[in-house]
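Given the structure is predicted, the values throughout are model-derived calculations rather than measurements. First the proteins, then the strands, lettered A, B, ... as listed; each starts at 1. In what follows, every heavy atom counts, from backbone to side chain, and hydrogens, waters and symmetry copies are set aside.
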Amino acid sequence: VLACNICVDGFCKQGKVEAAERIFMIMKRIGVRPDIVTCTALINGYCSIGDMEQARNIFDILLNSGLKPDIVCYTSLMNGYCKQGRFDEVLHLFTRIRAQGLERNIVLYSIMLHALFREGRCEEGLNLFKEMEALKLYPDMITYSILLDGLCSARRIAEAFAVLQTMEDKGMVPDLVIYTTLIKGLCEDNRVQEAEDLLHELPSKGLEPNVITYTIIIGALCGEGKIDEAKDLMDRMVNKGCLPNSVTYKVFVGCLLRMNMMHEAILVSEEMVSMGITLD
RNA sequence: UGAGGAAUGCCUAC
């Protein structure tokens with residue numbers, strides 16, 4: 001089983017879910033019973049390609065084979081539904097976990113938090129967050145990033161920064177995802193200058209912005225029509241050893257096209273191709 | 001051996 005599980009999970013993580021499914025079939029045929037780990041890996045694979053029907057199928061197979069799904073299995077399926085915006089299913093599974101008396105953990109609550117914010121149910125999200133402390137489920141870096149992203153998406157930037165302060169007071173060291181989320185929040189609130197200021201503060205915190213961080217700000221500058229500044233930032237990121245990727249170019253070229261700057265768009269596209277990047 | 005976080009958005013309309 002162990003070897004098979006490693007294979008199934010490996011294929012799933014490469015997006016080759018059909019290959020994983022074949023191993024699943026072979027396991028059954030040669031009399032190796034798939035266990036919870038096999039099924040969870042496969043569920044996760046189907047979730048990652050957005051095939052919730054198959055994911056649910058595997059979950060049902062697991063139930064019918066008399067095995068009890070554990071918290072990892074549930075959260076895997078919940079996360080899939082969350083990504084598809086199926087809040088109803090997420091909530092349903094959440095209540096089922098409670099009913100089953102399964103031990104709830106930080107991952108479960110983080111996913112639930114994510115689902116609530118995605119639904120725009122901020123107040124409920126904040127309540128859940130408070131509830132976590134009471135249950136002694138202490139938020140970790142990922143929980144905080146979900147919370148911050150939720151607040152930022154709701155344009156509650158001030159609250160997001162207050163949460164950042166709380167983190168620091170607790171002695172946590174916010175990571176790059178946390179700061180990138182805040183930078184995105186500032187950008188979406190049309191505070192690109194402040195976003196850039198924060199970008200420049202990162203090295204002093206021991207963090208180097210990555211291609212995602214830069215791309216967010218480049219996109220925001222483009223959105224304000226500040227093409228030159230965007231181009232400037234692209235040059236600066238390269239100087240810092242961070243290469244633009246296909247998303248960066250897509251954002252930038254897309255903006256040039258929208259502004260009818262065909263000539264520039266072609267030039268940048270050529271530069272991109274010369275770097276071996278293509279857009280789909 | 002299995003689960004959670006950031007960019008190319010999403011919706012709506014044309």
Side-chain angles (χ1 to χ4, degrees), chain A residues 1-13 20 23-24 34-48 55 58-59 62 67 69-85 90 93 97 102 104-115 117-120 132 137 139-153 160 174-188 195 207 209-223 237 242 244-255 277 279-280:
Chain A
V1 219
L2 185 71
C4 291
N5 287 350
I6 293 172
C7 277
V8 169
D9 186 47
F11 278 124
C12 284
K13 293 222 157 75
I23 296 187
F24 186 68
D35 61 8
I36 309 183
V37 176
T38 329
C39 292
T40 306
L42 205 48
I43 286 170
N44 223 16
Y46 279 119
C47 287
S48 68
I58 303 293
F59 189 79
L62 182 65
L67 293 169
D70 63 7
I71 188 70
V72 177
C73 195
Y74 271 107
T75 49
S76 179
L77 189 62
M78 283 174 77
N79 191 44
Y81 279 125
C82 178
K83 295 234 155 96
Q84 296 291 315
V90 176
L93 289 166
I97 289 168
L102 280 175
R104 292 166 287 172
N105 64 17
I106 188 69
V107 176
L108 172 68
Y109 273 80
S110 296
I111 293 172
M112 198 60 218
L113 195 65
H114 199 179
F117 278 117
R118 270 192 63 123
E119 279 287 297
M132 290 170 63
L137 292 175
D140 60 14
M141 201 67 84
I142 296 183
T143 319
Y144 273 112
S145 77
I146 292 169
L147 176 63
L148 290 178
D149 190 46
L151 288 171
C152 286
S153 302
D175 67 9
L176 183 59
V177 176
I178 296 285
Y179 283 109
T180 301
T181 302
L182 289 167
I183 284 173
K184 186 183 62 145
L186 288 169
C187 287
E188 284 168 355
L207 295 170
N210 66 12
V211 62
I212 298 182
T213 321
Y214 282 114
T215 302
I216 289 169
I217 300 186
I218 288 169
L221 288 169
C222 284
M237 71 188 272
C242 180
N245 64 14
S246 64
V247 177
T248 319
Y249 278 109
K250 205 160 160 179
V251 168
F252 193 55
V253 175
C255 171
I277 299 174
L279 295 186
D280 20 48

Produce the list of close N/O pairs, under 3.5 Å, pairing protein atoms with atoms of nucleotides 10-14 of chain B; give distances to one decimal.
none

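The side chain to side chain donor-acceptor pair (under 3.5 Å) check on Y214(A) picks up nothing, with sequence neighbours excluded. Evaluation of the side chain to side chain donor-acceptor pair (under 3.5 Å) rule for N5(A) yields D35(A), T38(A) as partners, not counting sequence neighbours. With sequence neighbours left out, the side chain to side chain donor-acceptor pair (under 3.5 Å) criterion links N245(A) to T248(A). Judged as a side-chain contact (heavy atoms from CB on, under 4.5 Å), and not counting sequence neighbours, the contacts of T180(A) are L176(A), I212(A), T213(A), I216(A). Judged as a side-chain contact (heavy atoms from CB on, under 4.5 Å), and not counting sequence neighbours, the contacts of C73(A) are I36(A), T40(A), I43(A), F59(A), L62(A), P69(A), D70(A). S145(A) is linked by a side chain to side chain donor-acceptor pair (under 3.5 Å) to nothing, counting only residues two or more places apart in sequence or in another chain.
Note: CG (L148(A)) to P (A7(B)) measures 13 Å, nearest angstrom. Atoms OH (Y249(A)) and C1' (A7(B)) sit 16 Å apart, rounded to a whole Å. Atoms NZ (K250(A)) and P (A7(B)) sit 14 Å apart, rounded to a whole Å.
For the residue pair N44(A) / S76(A), a side-chain donor-acceptor distance below 3.5 Å is found, with atom types taken as modelled.
Annotation: C11(B) and A7(B) have their P atoms spaced 15 Å apart (nearest Å). Taking atom C1' in both G4(B) and U8(B), one finds a spacing of 23 Å when rounded to whole Å. Taking the C1' atom of each, G2(B) and A6(B) are spaced 24 Å apart, rounded to whole Å.
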Which atom pairs, donor and acceptor, lie under 3.5 Å between side-chain atoms of residues 104-112 of chain A and protein residues at least two apart or in another chain?
from: R104(A); atom 1: NH1; to: Y109(A); atom 2: OH; distance (Å): 3.2
from: N105(A); atom 1: OD1; to: V107(A); atom 2: N; distance (Å): 3.1
from: N105(A); atom 1: OD1; to: L108(A); atom 2: N; distance (Å): 2.9
from: S110(A); atom 1: OG; to: I106(A); atom 2: O; distance (Å): 2.8
from: S110(A); atom 1: OG; to: T143(A); atom 2: OG1; distance (Å): 3.0

Exercise. For each nucleotide in nucleotides 1-6 of chain B, reading 5' to 3', give B when a protein heavy atom comes within less than 4.0 Å of its base, S when such contact involves only the sugar-phosphate, and - otherwise.
Key: BBBBBB
